[in-house]
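Here's the structure, in structure tokens; my notes come after.
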Amino acid sequence: MSEVEGWASELESVFARVAGRFGRADLRWRMRDYVRGLLAPVGRKNGWQLAEYVGHRDPAGLQHLLNGARWDADAVRDDVREYVAGQLGPDGVLIIDDTGFIKKGITSAGVSRQYTGTSGKIDNCQIGVFAAYATTRGRALVDRELYLPKSWTADRERCQAAKVPDDRGFATKGELAKAMVRRCLAAGLPAAWVTADEAYGQDWSFRRLLEQHNLGYVVAVPKSQQIKSLAGVWRIDELIDDAPAGAWQTLSCGNGAKGPRVFDWAAAKLPVNIVFDPDPPTHHRWVMARRSLSDPSELAYYLAYAPVDVDLGGLARIAGSRWAVEECFQAAKNECGLDEYEVRRYVGWYRHITLAMLAHAFLTTLAARAQETAKGAAETTPPASSPSPWRRSGACWTLCFPTQNPARTDDFTH
């Protein structure tokens, strides 16, 4: 009973945190009912079933909360982010990813035939770009943006019908991601790292934004990713192919549903970037790869930017933390109805998604208080001698590109 009372007390504190965003008492009560419904064991969290669960005669009041009432979903989002940061603590990882919401018809804001990892194919869907925050205590969603394809932003009549603001133009998923990163940093989210999949990791401007804010990152990139140096240009898979056997270490990158997620990892520092880096540098850039133990031909590639005292075990841990956002999506969809909305308008999407994020943040807090998330233990193997261009340097490996004297260029990126 004391535990149940603690849950009820925490939920009331969550409601009190956001109550000021709703100017009228009836809206506050509808918000409370809606979030309670999202947390409830309802078969499908659509308007009628939620209304029935919370004791409404029909879903009109809840639909008005999402579509017609006056309240600022972005202000509630800010409250969610502050709540998550306070509950999960500092030095976490900010994770960027997107997820699809399968839809029928053509009128829902942003809906289009586009690829989504939700179904693993091109589907009629909406795409939401999200930011999650993860620490050893748990993980939760802290920001969101609805992706609008060019087929939408080029059709202003269609946008007006879905109540898309007139000033909302086309933005790539990468641009939406950068906007969320800037917001999180401006709000003081205590993230120490950023990670993302290759859709975002291969974007040089995204990586550069993080470097300008002294944020460490480990981001996935495609095997064709180019690594540029004053000495030349290499593909990342070619550099990894040259890695000596001793460069590979068997490490856990964190715990999964079936225990530690163990892979072979290899990483090497890149030369200092004389255009962007201070002297002496505060961070090093790395190329790294993850190799399956059961199928050595299965590799994933990464670029990293890390404080000078970080080793391969630390980089692997950050790379492994990216899966936390998938756990957020799964939990928020399964437990909080993240994908079960019945709104077509632009503002309705943001309002439902934000309240679902609030519900998920509450569940994350309860889970964090119940138990601490275990960290994967790192195992190391001794290094061996290395052929060029890999060189052993102290406790890590570096890439020593052939020394040449090319004309200097300001296009010195990675």
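Every heavy atom of this structure was used, including side-chain atoms; hydrogens, water molecules and symmetry mates were not.
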- Message: My understanding is that only residues two or more places apart in sequence, or in another chain, count here; which of them pass side chain to side chain donor-acceptor pair (under 3.5 Å) with T153?
- Response: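 For T153, no residue satisfies side chain to side chain donor-acceptor pair (under 3.5 Å) once neighbours in sequence are set aside.
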Around atom [atom1] of [X], are there more than 12 heavy atoms of other residues, nucleotides or ligands at under 6.0 Å?
X: E52; atom1: CD; value: no
X: R158; atom1: CZ; value: yes
X: R24; atom1: CZ; value: no
X: W71; atom1: CH2; value: yes
X: Q49; atom1: CD; value: yes
X: E12; atom1: CD; value: yes

- Item | Plane angle bin for F276 and W204 - parallel if under 30°, tilted between 30 and 60°, otherwise perpendicular |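 Ring orientation of W204 relative to F276: tilted.
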- Return the orientation label for the F263 and W265 ring planes: parallel under 30°, perpendicular over 60°, tilted otherwise. perpendicular
Would you indicate whether the side-chain heavy atoms of [Y] and [X] approach each other to under 4.5 Å?
X: Q160; Y: V164; result: no
X: Y34; Y: L50; result: yes
X: D155; Y: E157; result: yes
X: Y302; Y: V219; result: no
X: I318; Y: Y217; result: no
X: F101; Y: L338; result: yes
X: F22; Y: L65; result: yes
X: T354; Y: L358; result: no

- Message: Assess the residue pair V93 and Y133 against the criterion (side chain to side chain contact (heavy atoms under 4.5 Å, CB included)); give the C-alpha distance rounded to whole Å, side-chain angles, the decisive distance to 0.1 Å, and a yes or no.
- Response: CA-CA 6 Å; V93 182; Y133 183 66; over 6 Å; no
What donor-acceptor contacts under 3.5 angstrom involve side-chain atoms of residues 180-194, with partners at least two apart or in another chain?
| from | atom 1 | to | atom 2 | distance (Å) |
| --- | --- | --- | --- | --- |
| R183 | NE | D143 | OD2 | 3.0 |
| R183 | NH1 | E145 | OE2 | 3.3 |
| R183 | NH2 | D143 | OD1 | 3.1 |
| R183 | NH2 | D143 | OD2 | 3.1 |
| R183 | NH2 | E145 | OE2 | 2.9 |

- Output, in order, the C-alpha distance, side-chain angles, deciding distance and verdict of salt bridge (Lys or Arg N to Asp or Glu O under 4.0 Å) for R21 and D79. CA-CA 9 Å; R21 307 302 186 181; D79 292 335; 2.8 Å; yes
What's the spacing between [X] [atom1] and [Y] [atom2] if we round to 0.5 Å?
X: H360; Y: F329; atom1: NE2; atom2: CZ; answer: 10.5 Å
X: H352; Y: E342; atom1: NE2; atom2: CD; answer: 10.0 Å
X: Y301; Y: L303; atom1: OH; atom2: CG; answer: 12.5 Å
X: L312; Y: M288; atom1: CG; atom2: CE; answer: 5.5 Å
X: R235; Y: I227; atom1: CZ; atom2: CD1; answer: 11.0 Å
X: D339; Y: Q330; atom1: CG; atom2: CD; answer: 11.5 Å

Donor-acceptor pair, distance only, cut-off 3.5 Å: does the side chain of [X] make one with the backbone of [Y]?
X: E175; Y: T172; result: yes
X: R137; Y: Q87; result: yes
X: Q226; Y: W234; result: no
X: T195; Y: V218; result: yes
X: Q202; Y: E198; result: yes
X: R77; Y: R144; result: no
X: N124; Y: I106; result: no
X: Y341; Y: W349; result: no

Between [Y] and [X], is there a cation-pi geometry (under 6.0 Å to ring centre, at most 45° from the normal)?
X: K178; Y: Y200; result: no
X: K45; Y: Y53; result: no
X: R291; Y: W248; result: yes

- For the pair D97 and E326, evaluate side chain to side chain contact (heavy atoms under 4.5 Å, CB included) and give the outcome as yes or no after the intermediate values. CA-CA 8 Å; D97 203 358; E326 299 294 343; 2.8 Å; yes
- Item | Residue pair C159, R168: steps toward the side chain to side chain contact (heavy atoms under 4.5 Å, CB included) verdict | CA-CA 9 Å; C159 286; R168 175 67 194 270; over 6 Å; no
- Query: Does anything in residues 113-123 pair up under side chain to side chain donor-acceptor pair (under 3.5 Å), and if so which pairs, sequence neighbours excluded?
  - Reply: T99-T118, T116-T118, S119-D123
What's the shortest heavy-atom distance between [X] and [Y], and which atoms?
X: A171; Y: L176; result: CB-CD2, 3.9 Å
X: C328; Y: L141; result: CB-CD2, 3.8 Å
X: A131; Y: L94; result: CB-CD1, 4.0 Å
X: R351; Y: A73; result: CG-CB, 3.9 Å
X: V221; Y: G201; result: CG1-O, 3.7 Å
X: A361; Y: A140; result: CA-CB, 4.4 Å

- Query: Are any of the side-chain nitrogens in D33 or R30 under 4.0 Å away from the carboxylate oxygens of its partner?
  - Reply: no
- Short N-O contact, E211 and R285, less than 4.0 angstrom: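 The answer is yes: the pair qualifies as a salt bridge.
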- Message: W286 vs Y305, test: side chain to side chain contact (heavy atoms under 4.5 Å, CB included). Steps then yes/no.
- Response: CA-CA 6 Å; W286 299 70; Y305 180 75; over 6 Å; no
- Message: Walk me through whether E10 and R369 qualify under salt bridge (Lys or Arg N to Asp or Glu O under 4.0 Å).
- Response: CA-CA 11 Å; E10 180 62 28; R369 292 179 180 180; 2.9 Å; yes
